[in-house]
Amino acid sequence: MEYNYRDIEKKWQEHWKQTKAYQVSNDSSKPKCYVLDMFPYPSGVGLHVGHPLGYIASDIYARYKRLKGFNVLHPMGYDAFGLPAEQYALETGQHPAVTTEQNIKAFREQLDHIGFCFDWDREFRTSDPGYYKWTQWIFLQLFDSWLNRATQKAERISTLTALFEKEGNAAHECPGDRALRFTAAEWKSFDEVRQREILMHYRLAYLAFAEVNWCPALGTVLANDEVVNGVSERGGYPVIKKKMRQWFLRITEYANRLLEGLEQVDYSDALREMQRNWIGKSQGAEIRFNVKDTDQQITVYTTRPDTIFGVDFMVLAPEHDLVNRITTPDQKAAVEKYLDYVQSRSERERLAEVKQITGCFTGAYALNPFNGQPIPVWISEYVLAGYGTGAIMAVPCGDQRDFLFAKHFNIHITNIIGDAFNGQEANPTKDAVLQNSDFLDGMVMKAAMDAAAAKIEEMGIGKRQINYKMRDAGFSRQRYWGEPFPIVYKDGIAYPVAENELPVELPHVEHYKQGEDGEGPLANVTDWVNVAPGIRRETNTMPGYAGSSWYFLRYADPHNTTAFADRKAVDYWNQVDVYVGGAEHAVGHLLYSRMWTKALYDLGYIGFDEPYKKIINQGMIGGSSRLVYRVRGTNTFVSHGLKDQYETDPLHVDVNIVDGTELDTDAFRQWKPDYREAEFILEDGKYICGSLLEKMSKRLFNTVNPKDVVDKYGADTYRMYEMFLGPIEQSKPWETKGIEGVHRFLKKLWRLYVDENKGLIVKDAPATPEELKVLHKTIQKIDGDTSNFSYNTAVSQFMICLNELSSLKCNKRSILEPLLVLLCPYAPHVTAELWQLLGNTSSILEAAYPVFDEQYVKESSFTYPIAVNGKTRTEMGFALDADNGAIEQEVLANEVVQRWMEGKPLKKVVIVKGRMINVVV
RNA sequence: GCGGGUGUGGUGAAAUUGGUAGACACGCCAGACUUAGGAUCUGGUGCUUCACGGCAUGUAGGUUCGAGUCCUAUCACCCGCACCA
């Protein structure tokens with residue numbers, strides 16, 4: 001009986017399906033463990049061998065925890081809404097629902113070959129009305145909430161209106177309009193339109209006007225990456241900035257909690273750092289400067305209030321409101337010319353030409369609040385309207401951009417740091433001692449930062465201020481294939497759709513063209529849009545990250561029709577214990593879902609405010625491309641080793657017709673019609689290809705389909721090989737050739753249990769101490785490595801264990817049976833088969849994980865490496881409880897040691913018990 | 001430019017966290033069995049040297065009895081952010 005992985009794997013996959021072996025109950029006395037993969041988008045291009053890497057890792061972990069006695073939730077579903085499906089619909093006229101369904105089917109089929117332990121009964125799609133009903137519902141909760149900065153928690157809008165009625169908004173600064181102030185009496189005097197407008201400035205989901213890329217020729221809004229140098233990527237039509245009313249999530253109100261929450265979760269440093277950068281917290285001060293001869297003030301934001309006496313000019317963003325008001329008549333023409341120039345430049349150009357210094361003097365002067373010095377006010381595109389206050393105080397001796405600007409426009413540079421400034425470049429130090437700085441003279445800058453801020457607050461000309469780089473998240477898409485907003489407009493005011501009318505179902509459409517004036521395709525469905533006379537539906541849809549921001553909660557209770565999930569189920573499954581996925585979602589998805597979780601927590605719907613306890617970012621599997629070398633101007637291909645003798649062009653060749661580096665020349669001739677008559681110049685009778693590490697991509701002919709690998713070697717081999725490749729977080733290239741080592745391992749494993757002729761050869765005889773030692777060493781290593789996601793070393797240990805058991809010719813049940821359980825998470829099919837062959841009637845999935853027992857691996861003696869002056873020269877065995885003095889004596893008497901000591905005087909002997917011995921002379 | 005990460009054989013990688021560098025595999029070499037082998041098994045395989053030995057973890061220093069591991073500087077590559085005041 002041979003190791004017939006094809007039949008074995010098919011048999012067990014069917015068995016698991018029929019017996020619902022991976023169905024998991026919400027009702028269990030066992031401790032829970034929630035293992036989740038990042039929501040896949042079923043793209044339709046198909047998987048390559050890199051994609052399932054994370055799924056395999058999480059699958060191993062889920063199976064391991066189950067064997068360790070946990071009730072494990074390991075679900076899978078689909079992030080099914082999204083742009084690619086719609087784009088495809090536009091091109092082919094097929095409805096996105098149809099193509100999405102096809103893609104999911106293909107995706108599922110590919111997954112099913114690999115033997116995952118997903119509980120498919122919990123599957124759902126974000127595009128199911130039964131699911132997006134609750135996406136809409138959560139959106140409405142956000143719409144009906146604001147963040148109370150005093151408590152740092154989301155509260156209902158009703159608590160806000162109650163506050164307004166009692167005390168106005170004095171104690172609760174308006175996040176959407178910081179200048180807004182009103183008293184209780186004023187609030188009560190506002191009409192509904194005004195009140196709703198104000199509340200909109202507080203809501204966590206809110207409407208605001210924002211710029212989008214509008215392409216009139218295409219009649220559509222384009223995403224940033226669809227615009228290249230100011231024209232559309234497709235067609236090259238001009239794109240203009242257009243202000244449109246859009247939905248946003250006020251994620252900035254959660255900035256600080258998102259930042260602090262990072263301390264409590266187990267993410268990689270890189271991931272945490274990426275989120276920190278994205279949030280971009282900075283501490284500084286806002287300072288108001290009067291503008292000379294006017295009643296205008298410029299408010300700047302600076303992180304370095306200590307440099308206030310080094311301010312030589314100020315810069316406003318060109319879009320700043322004050323520009324028109326403070327520009328002097330004689331500078332008006334120049335400023336307008338500059339504004340025209342800025343207007344003509346796309347975002348991309350502005351970013352691309354960072355080095356180019358441009359700007360224009362407004363003619364106005366601001367006054368330094370401390371010494372009354374006039375400071376020229378400039379405008380320049382290097383100051384961004386969206387960050388801080390859109391205005392800066394420029395300190396050329398301390399900031400390189402300010403320095404270059406001053407040099408370029410010949411502005412005087414004041415030195416406030418003495419020798420620390422060399423006149424050649426700015427010095428951004430915080431450690432210099434201040435000069436020319438009035439009351440700050442003689443202070444170290446670090447200390448002066450606080451002193452200056454204190455003085456500014458004392459004088460009432462500004463205040464300390466914390467700033468975040470993060471922006472509120474745009475939540476509207478002018479698209480069809482997404483969740484409709486549960487919002488209707490009456491007289492232009494947004495009202496929520498009643499809860500009992502959810503879901504607002506996506507209407508069927510025949511075409512996906514944009515609506516007029518930048519609206520999405522839904523605007524064309526007039527009888528859907530016009531609910532009643534004067535009442536119009538929102539025609540945008542939600543973005544891709546809406547559905548994925550809370551899906552992990554739904555798996556706890558996926559079929560619930562009365563709530564997004566039953567509270568008891570969510571309390572039981574709680575946080576995701578391990579979340580596995582790619583680093584490309586490091587900021588977007590993770591921040592959004594963290595925010596939604598915090599909001600739901602604040603509002604009392606769930607009992608925790610971080611969704612993912614631990615995140616594993618699997619690395620990418622790179623492609624190893626194969627190259628052939630065509631002699632220029634011919635149809636002759638020369639082998640890699642001989643290519644330097646010719647003038648050649650390297651061409652990518654499909655890795656699937658190359659064995660290692662040896663090209664299958666017949667397959668090559670059939671690969672493309674052009675090569676049918678190809679000639680080869682061989683070396684040693686073979687055509688050897690060159691290789692190159694690149695991204696795995698269809699274009700480079702270096703993709704490998706997991707289905708092909710599973711067909712050829714089996715799912716167990718594929719799973720183990722992916723893990724054997726290296727640490728899970730690390731990126732590494734795929735080499736199909738290397739898989740044979742793992743495949744051999746499984747075949748050899750099989751032969752340990754089953755003889756080709758005699759069948760099962762496992763005996764019930766008692767195990768020897770050596771065999772027990774091998775087993776328990778393995779239990780210890782595998783248990784530790786598996787819980788640490790160190791799967792590559794675990795696979796190595798299985799190989800070591802098998803090599804040792806084979807040479808011991810071990811056929812004892814008491815050794816071989818526990819080994820199957822250890823291996824089961826990695827190779828579930830073959831272990832299930834052998835488990836059954838051993839006569840077990842219960843499933844290996846229910847087996848108990850072997851327990852490590854130290855007594856079997858304890859050593860009484862150790863072979864010490866003996867080093868002289870740190871260099872190992874020989875080995876000597878000693879009992880572990882041997883006396884140091886006795887060891888020393890014996891070591892010094894050893895002739896090899898004697899020889900290396902060369903009669904030099906002994907300094908000391910270092911003895912590290914159970915490790916090594918070093919003789920120092 | 002800023003931030004994070006990685007540099008170890010021909011290749012993927014290990015190294016109990018300061019203690020025998022290269023485990024386990026791929027590849028390669030030699031051999032056994034075989035009609036055959038892309039099956040299986042055995043042995044070898046960092047570089048260098050006839051050998052004793054010497055040299056080796058990107059590079060240069062340092063700490064230590066002892067460094068792939070810690071410290072300092074430097075180089076290369078990968079990822080993320082990028083006029084963020």
Side-chain angles (χ1 to χ4, degrees), chain A residues 2 268-278 280-282 284 300-304 307 315 350-351 353-357 380-384 386-395 398-402 404-405 428 467-470 583-584 586-587 617 619-620 622 624 659-662 691 721 724-727 729-742 744-745 747-748 751 756 780-781 784 790 792-803 806 863-875 907-912 914-921:
Chain A
E2 269 195 314
S268 70
D269 288 345
L271 183 54
R272 252 194 283 254
E273 204 52 37
M274 266 191 249
Q275 295 208 1
R276 280 195 202 108
N277 283 344
W278 185 260
K281 182 176 184 171
S282 72
V300 302
Y301 173 71
T302 179
T303 55
R304 298 297 300 274
T307 61
V315 188
R350 284 182 66 170
L351 291 178
E353 296 169 38
V354 172
K355 304 257 146 51
Q356 192 182 332
I357 297 164
S380 172
E381 46 179 351
Y382 88 89
V383 173
L384 306 176
Y387 186 77
T389 59
I392 63 158
M393 54 179 228
V395 183
D399 181 291
Q400 187 62 14
R401 284 160 318 173
D402 297 347
L404 292 172
F405 193 88
N467 243 313
Y468 297 96
K469 203 159 77 180
M470 184 166 65
E584 65 272 21
V587 282
N617 286 125
M620 300 220 294
S624 181
D659 179 27
T661 54
E662 187 185 346
S691 60
Y721 181 56
F724 184 58
L725 237 35
E729 305 89 343
Q730 204 166 297
S731 292
K732 54 240 158 186
W734 174 268
E735 274 300 345
T736 303
K737 197 85 185 157
I739 201 169
E740 286 173 13
V742 175
R744 258 172 231 151
F745 162 79
K747 281 197 282 193
K748 197 170 162 188
R751 287 200 304 271
E756 229 174 289
Q780 187 184 28
K781 179 88 173 130
S790 181
N792 55 327
T793 51
V795 175
S796 295
Q797 181 59 37
F798 281 124
M799 291 173 169
I800 293 167
C801 173
L802 178 61
N803 289 344
S806 303
T863 306
Y864 286 89
I866 313 292
V868 179
N869 279 348
K871 286 209 187 300
T872 307
R873 298 300 179 186
T874 187
E875 285 179 349
K907 258 201 196 145
K908 65 171 162 175
V909 178
V910 181
I911 298 172
V912 184
R915 286 263 185 270
M916 50 81 67
I917 294 165
N918 191 11
V919 179
V920 187
V921 294

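Please read all numbers here as calculations on a predicted model, not as lab measurements. Convention: sequence-line order gives letters A, B, ...; per-chain numbering from 1.
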(request) For the residue pair Thr793(A) and Ser796(A), confirm or rule out a side-chain donor-acceptor distance under 3.5 Å. (result) no
(request) Counting Watson-Crick and G-U wobble pairs only, both distances under 3.5 Å, name the nucleotide matched with G66(B), or none. (result) none
(request) Between Gly741(A) and Ala391(A), name the one whose nearest nucleotide on RNA chain B is closer to the 5' end. (result) Gly741(A)
(request) Would you check if there is a donor-acceptor pair between the side chains of Asp402(A) and Tyr382(A) at a distance under 3.5 Å? (result) yes
(message) Which nucleotide wins on minimum distance to the side chain of Glu875(A), given the candidates A23(B), G19(B), U20(B)?
(response) U20(B)
(request) Both distances under 3.5 Å, Watson-Crick or G-U wobble: report the partner of C50(B), or none. (result) none
(request) For nucleotides G22(B) and G12(B), find the distance between their C1' atoms and express it as a whole number of Å. (result) 13 Å
(message) From C-beta outward on Lys871(A), which listed nucleotide comes closest to its side chain: C55(B), G12(B), C65(B)?
(response) C55(B)
(message) Measuring only the P atom in each nucleotide, how far is U16(B) from A23(B)? A whole number of Å is fine.
(response) 15 Å
(message) Between Arg873(A) and G54(B), is there a contact of a side-chain N or O with OP1 or OP2 at under 4.0 Å?
(response) yes
(message) Rounding to an integer number of angstrom, what distance separates U20(B) and C26(B) when you compare their P atoms?
(response) 26 Å
(request) Choose from G3(B), U20(B), U40(B) the nucleotide whose nearest atom is closest to any side-chain atom of Arg751(A). (result) U40(B)
(message) With a 3.5 Å limit on both atom pairs, tell me what G3(B) is paired to, counting Watson-Crick and G-U wobble, or say none.
(response) C79(B)
(message) What's the gap between G38(B) and C52(B) when it is taken at their C1' atoms, as a whole Å value?
(response) 44 Å
(message) How long is the straight-line distance from CG of Asn803(A) back to CZ of Phe745(A), given to the nearest 0.5 Å?
(response) 9.0 Å
(message) Side chain of Thr872(A) only, heavy atoms from C-beta on: which candidate in C83(B), C65(B), A21(B) is closest?
(response) A21(B)
(request) Could you check whether Arg272(A) gets within reach of a base, just the sugar-phosphate, or nothing at all, counting any heavy atom under 4.0 Å? (result) nothing
(request) Taking only the side-chain heavy atoms of Val383(A) (C-beta and beyond), determine which of A85(B), C81(B), G4(B) contains the nearest atom. (result) A85(B)
(message) Considering every strand and a 4.0 Å limit on heavy-atom distances, what is the contact class for Asn918(A): base, sugar-phosphate, or nothing?
(response) base
(message) For a quick check of understanding: with a heavy-atom distance under 4.0 Å over all strands, which category does Glu735(A) fall into, base, sugar-phosphate or nothing?
(response) nothing
(request) Could you tell me whether the side chain of Lys732(A) reaches within less than 4.5 Å of the side chain of Leu725(A), counting heavy atoms only? (result) yes
(message) Under 4.0 Å, counting only non-hydrogen atoms across every strand here, what does Asn792(A) touch: a base, just sugar-phosphate, or nothing?
(response) sugar-phosphate
(message) When you compare the side chain of Ser624(A) with that of Trp734(A), does any pair of heavy atoms fall below 4.5 Å?
(response) no
(request) Take the protein atom CD of Glu584(A) and the nucleotide atom P of C81(B), then report the distance between them rounded to whole Å. (result) 12 Å
(message) Give me the distance, rounded to whole Å, that separates C24(B) from C75(B) when you measure between the P atoms they each carry.
(response) 38 Å
(message) Checking Tyr387(A) against Ser282(A): is there a side-chain donor and acceptor pair closer than 3.5 Å?
(response) yes
(message) Between G68(B) and U17(B), how far apart are the two C1' atoms, rounded to whole Å?
(response) 12 Å
(request) Go through G80(B), G4(B), C24(B) for me and flag the one nearest to the Glu273(A) side chain. (result) G4(B)
(request) Check every atom of U20(B), U17(B), A14(B) against the side chain of Pro865(A) and return the nucleotide holding the closest atom. (result) U20(B)
(request) Provide the distance between the two P atoms, one in A14(B) and one in U63(B), to the nearest whole Å. (result) 31 Å
(message) Just the rounded figure in Å: distance from C1' of C2(B) to CG of Asp399(A).
(response) 14 Å
(message) A side-chain contact here means heavy atoms from C-beta on lying under 4.5 Å apart; do Lys908(A) and Val920(A) qualify?
(response) yes
(message) Between G62(B) and G44(B), how far apart are the two C1' atoms, rounded to whole Å?
(response) 40 Å
(request) May I have the step-by-step check of side-chain contact (heavy atoms from CB on, under 4.5 Å) for Asn918(A) and Val909(A), ending in yes or no? (result) CA-CA 6 Å; Asn918(A) 191 11; Val909(A) 178; over 6 Å; no
(request) Report which part of the nucleic acid Gln400(A) touches: base, sugar-phosphate, or nothing (heavy-atom distance under 4.0 Å, all strands). (result) nothing
(message) Just the rounded figure in Å: distance from P of C79(B) to CZ of Arg276(A).
(response) 23 Å
(message) Applying the Watson-Crick and G-U wobble criteria at under 3.5 Å, what pairs with C24(B)? Answer none if nothing qualifies.
(response) G12(B)
At a cut-off of 3.5 Å, list every protein nitrogen or oxygen paired with a nitrogen or oxygen from nucleotides 27-37 of chain B, distance to 0.1 Å.
none

(request) Mind calculating the distance between CE (Met916(A)) and P (U16(B)) to the nearest angstrom? (result) 16 Å
(message) At 4.0 Å (heavy atoms only), tell me whether Met799(A) reaches a base, stays on the sugar-phosphate, or touches nothing.
(response) sugar-phosphate
(request) Please determine, for the side chain of Leu384(A), which listed nucleotide (A21(B), C65(B), A85(B)) has the closest atom? (result) A85(B)
(request) Taking all non-hydrogen atoms of both residues into account, name the closest pair between Leu271(A) and Asn617(A) and its distance. (result) CD2-OD1, 3.5 Å
(message) Can you see if the side chain of Arg915(A) gets near the phosphate of U16(B) - specifically, an N or O under 4.0 Å from OP1 or OP2?
(response) no
(message) Assess, by modelled atom type and distance only, whether the side chains of Thr863(A) and Glu875(A) contain a donor and an acceptor separated by less than 3.5 Å.
(response) no
(request) Between Gln797(A) and Ser790(A), name the one whose nearest nucleotide on RNA chain B is closer to the 5' end. (result) Ser790(A)
(message) Using O4'-C1'-N9-C4 for purines and O4'-C1'-N1-C2 for pyrimidines, with syn meaning within 90° of 0, is G37(B) syn or anti?
(response) anti
(request) Could you go through the side-chain contact (heavy atoms from CB on, under 4.5 Å) check for Met393(A) and Thr307(A) one step at a time? (result) CA-CA 9 Å; Met393(A) 54 179 228; Thr307(A) 61; 3.7 Å; yes
(message) Given G12(B), G3(B), C41(B), identify the nucleotide with an atom nearest to the side chain of Lys732(A).
(response) G12(B)
(request) Kindly say if Lys747(A) contacts the phosphate of A39(B), meaning a side-chain N or O under 4.0 Å from OP1 or OP2. (result) no
(request) Scan every strand shown for a Watson-Crick or G-U wobble partner of C41(B), both distances under 3.5 Å, and answer none if you come up empty. (result) G31(B)
(message) Tell me the interatomic distance from Asn869(A), atom CG, to G54(B), atom C1', rounded to whole angstroms.
(response) 16 Å
(message) Under 4.0 Å, counting only non-hydrogen atoms across every strand here, what does Lys748(A) touch: a base, just sugar-phosphate, or nothing?
(response) sugar-phosphate
(message) Centroid separation under 6.0 Å, is that true for the rings of Tyr468(A) and Trp278(A)?
(response) no
(message) Given G3(B), C24(B), C84(B), identify the nucleotide with an atom nearest to the side chain of Ile800(A).
(response) C24(B)
(request) Scan every strand shown for a Watson-Crick or G-U wobble partner of U72(B), both distances under 3.5 Å, and answer none if you come up empty. (result) A60(B)
(request) Check whether any side-chain N or O of Tyr301(A) sits under 4.0 Å from OP1 or OP2 of A85(B), and answer yes or no. (result) no
(message) Regarding Asn803(A), tell me which of base, sugar-phosphate or nothing describes its non-hydrogen contacts under 4.0 Å with the strands shown.
(response) sugar-phosphate
